[in-house]
Amino acid sequence: MVASAPADASLLPMSHISLVTGGAGFIGSHLCEKLLDQGDHVICVDNFFTGRRKNIQHLLENRSFELIRHDITDPIKLEVDRIYNMACPASPVHYQFNPIKTMKTSVLGTMNLLGLAKRTGARLLQASTSEVYGDPEVHPQPESYRGNVNPIGIRACYDEGKRAAETLCFDYHRMHDVDIRVIRIFNTYGPRMDPADGRVVSNFIVQALKGEDITIYGDGTQTRSFCYVDDLVNGILSFMRAEDETGPLNLGNDGEFTVQQLAEEVVRLTGSESRIVYQPLPQDDPTRRKPDLSLARKVINYEISVPLKEGLKKTIEYFRHL
Ligand code: NAD
Ligand code: UDP
């Protein structure tokens, strides 16, 4: 049999040596997988604070995948041409566990990676967050909104750390011409979330599957916009490919739901007999959140393909088999 002719190389996406920090975490592991699929060589760096080896176990045999246990608050010398800085604990329980370390990860860690980008000429994507908008007074939140963050509250180590990291990205860009892509990720969920990390989607699903009480903090009227991880990762890859863009760029899903609606949907989809109970609302918990995705739609033709119900079903299946 005659092998089919190779495709025109100029039409194939160029492969890169990609560094993914936080690559053993929830989003990072999906990103590593997709980068390998598109032909990149992937170096995953993680200190395993919240990341887990089993998230990347299936990649360890791949000759294009390398794993380095390293903490990004210390500099690292590597030769790469793409950097995805995903390293940072993301759930309130984990980022408040050692708030000073969280701030160091965002500030020192991002500075180290920007230094690496400056030396190598690599393009760097910074995983920022909707938390830079704090408890927003503008709804939905466009990138031009400067936010309403309490700088001395219990969420500040994360919010202000991520804001400072954005500042560093833009200063390295202006001073040293570092090629940056800053994304602001809105609540993302899916398989490989740590069942014990305290975020709302994983908490509700685990509680429902175990028949335990479903814990709504506050009265459940606060809103979030939940994005399935595949949609987010597709957005990340598209933005990294875009030329002459820096962001910040919102990425997420603009369907908005109350936490009460989420709890009821999880109960419905799992067929659980769990009761919904109400507990005190943590300090500075944002009352509503929804991304304005106009810029993402314009710049990268961003599309959402997984509605909440479908994404929840896939995530429930994952947790059911754990
Ligand atoms: P995660 O906790 O699963 O992943 C974070 C990863 O970073 C883990 O593997 C952890 O071990 C690693 N890490 C933490 N500190 C490190 C350090 N100092 N050095 C090296 N590795 C370190 O969380 P996630 O949800 O996958 O989040 C990934 C990124 O996306 C984070 O930067 C987070 O702030 C951002 N983000 C996530 C969401 C979301 O809804 N999931 C929303 C906004 C922003
Ligand atoms: N939340 C809740 N029950 C839980 C966990 C979280 O009601 O068991 C609420 C939380 O107070 C917040 C929302 O769900 O209003 C989203 O919380 P999460 O920690 O997932 O993300 P973030 O607050 O950072 O958006």
Side-chain angles (χ1 to χ4, degrees), residues 20-32 44-53 55-56 68-74 76 84-96 98 101-106 108-110 112-113 125-132 135 155 158-159 161-162 165 183-190 192-194 197-207 212-227 229 232-233 236 250-252 257-260 262-263 266 276-289 291:
V20 181
T21 72
F26 158 51
I27 298 174
S29 61
H30 287 273
L31 181 59
C32 288
C44 166
V45 160
D46 205 295
N47 71 349
F48 291 100
F49 174 49
T50 54
R52 294 172 299 162
R53 199 177 168 85
N55 287 344
I56 46 160
I68 303 174
R69 181 185 284 263
H70 173 80
D71 191 308
I72 62 160
T73 59
D74 291 322
I76 187 163
Y84 298 81
N85 184 23
M86 312 303 293
C88 186
S91 100
V93 173
H94 284 145
Y95 69 66
Q96 288 164 21
N98 183 344
K101 177 68 196 238
T102 300
M103 184 67 109
K104 281 187 183 171
T105 294
S106 278
L108 299 180
T110 305
N112 286 331
L113 293 161
L125 179 134
Q126 170 64 14
S128 189
T129 166
S130 53
E131 288 282 324
V132 301
D135 191 5
R155 295 175 85 100
Y158 183 71
D159 303 6
K162 289 285 189 179
I183 54 164
R184 293 179 177 158
I185 303 172
F186 284 66
N187 296 65
T188 298
Y189 69 97
R192 300 202 198 123
M193 290 185 91
D194 177 352
D197 88 358
R199 283 185 271 191
V200 69
V201 174
S202 42
N203 263 13
F204 285 1
I205 293 177
V206 170
Q207 289 163 342
E212 293 171 356
D213 289 350
I214 294 190
T215 54
I216 289 185
Y217 303 157
D219 61 7
T221 55
Q222 72 270 39
T223 69
R224 293 294 186 272
S225 302
F226 300 102
C227 179
V229 64
L232 175 80
V233 171
I236 290 177
N250 288 340
L251 287 180
F257 296 87
T258 65
V259 167
Q260 177 79 35
L262 177 73
V266 168
I276 294 179
V277 299
Y278 297 85
Q279 295 185 354
L281 189 68
Q283 187 197 335
D284 293 336
D285 200 285
T287 43
R288 54 195 186 153
R289 182 182 290 156

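Since the structure is predicted, the reported quantities are computational estimates derived from the model, not experimental observations. Both ligands and their constituent atoms are indexed starting at 1 by order of listing.
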Discussion item. Just by distance, no angles: are the side chains of R289 and N187 close enough, under 3.5 Å, to form a donor-acceptor pair?
Written reply: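 Result is yes, a qualifying pair exists.
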Worksheet item: Around ligand 1, what residues show up once you keep those with a heavy atom under 4.0 Å from it?
Response: G22, A24, G25, F26, I27, D46, N47, F48, F49, T50, G51, H70, D71, I72, M86, A87, C88, P89, A90, T105, A127, S128, T129, Y158, K162, I185, N187, T188, R199
Fill in: Carboxylate-amine/guanidinium contact D197 R52, below 4.0 Å
no
Discussion item. Does this structure show an ion pair linking R155 with E131, if we count only N-O contacts that are shorter than 4.0 Å?
Written reply: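 Salt bridge between R155 and E131, a charged N being under 4.0 Å from a carboxylate O: yes.
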Discussion item. Which residue is it: N47, N85, N112, T105? I am looking for the one with a side-chain hydrogen bond (donor to acceptor under 3.5 Å, both in side chains) to T21.
Written reply: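 For T21, the side-chain hydrogen bond (donor to acceptor under 3.5 Å, both in side chains) check succeeds only for N85.
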Worksheet item: What pairs with Y217 under side-chain contact (heavy atoms from CB on, under 4.5 Å), at least two apart in sequence or on another chain?
Response: N203, T215, Q279, L281, P282
Worksheet item: Does the pair R192 and S29 meet the rule for a side-chain hydrogen bond (donor to acceptor under 3.5 Å, both in side chains), with working shown?
Response: CA-CA 8 Å; R192 300 202 198 123; S29 61; 3.1 Å; yes
Worksheet item: If you measure from CG on L125 to CD1 on I183, what distance do you get to the nearest 0.5 Å?
Response: 4.5 Å
Please tabulate protein-ligand N/O pairs under 3.5 Å for ligand 2, atom names and distances to 0.1 Å.
from	atom 1	to	atom 2	distance (Å)
ligand 2	3 (N)	T215	O	2.6
ligand 2	7 (O)	Y217	N	2.7
ligand 2	8 (O)	N203	ND2	2.8
ligand 2	8 (O)	T215	O	3.3
ligand 2	8 (O)	T215	OG1	3.1
ligand 2	8 (O)	Y217	OH	3.4
ligand 2	11 (O)	D285	OD2	2.6
ligand 2	15 (O)	Q222	NE2	2.9
ligand 2	15 (O)	R224	NH2	3.4
ligand 2	15 (O)	D285	OD1	2.6
ligand 2	15 (O)	D285	OD2	3.4
ligand 2	20 (O)	V200	N	2.8
ligand 2	21 (O)	N187	ND2	3.4
ligand 2	23 (O)	R155	NH2	3.0
ligand 2	23 (O)	R224	NH2	3.2
ligand 2	24 (O)	E131	OE2	3.4
ligand 2	24 (O)	R155	NH2	3.0
ligand 2	25 (O)	N187	ND2	2.9
ligand 2	25 (O)	R224	NE	2.8
ligand 2	25 (O)	R289	NH1	2.7

Fill in: D135: salt bridge (charged side-chain N to carboxylate O under 4.0 Å, His left out) partners, not counting sequence neighbours
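Salt bridge (charged side-chain N to carboxylate O under 4.0 Å, His left out) list for D135, sorted by chain: empty.
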Practice prompt. Could you walk me through whether R224 and S130 pass side-chain contact (heavy atoms from CB on, under 4.5 Å), step by step?
Written response: CA-CA 10 Å; R224 293 294 186 272; S130 53; over 6 Å; no
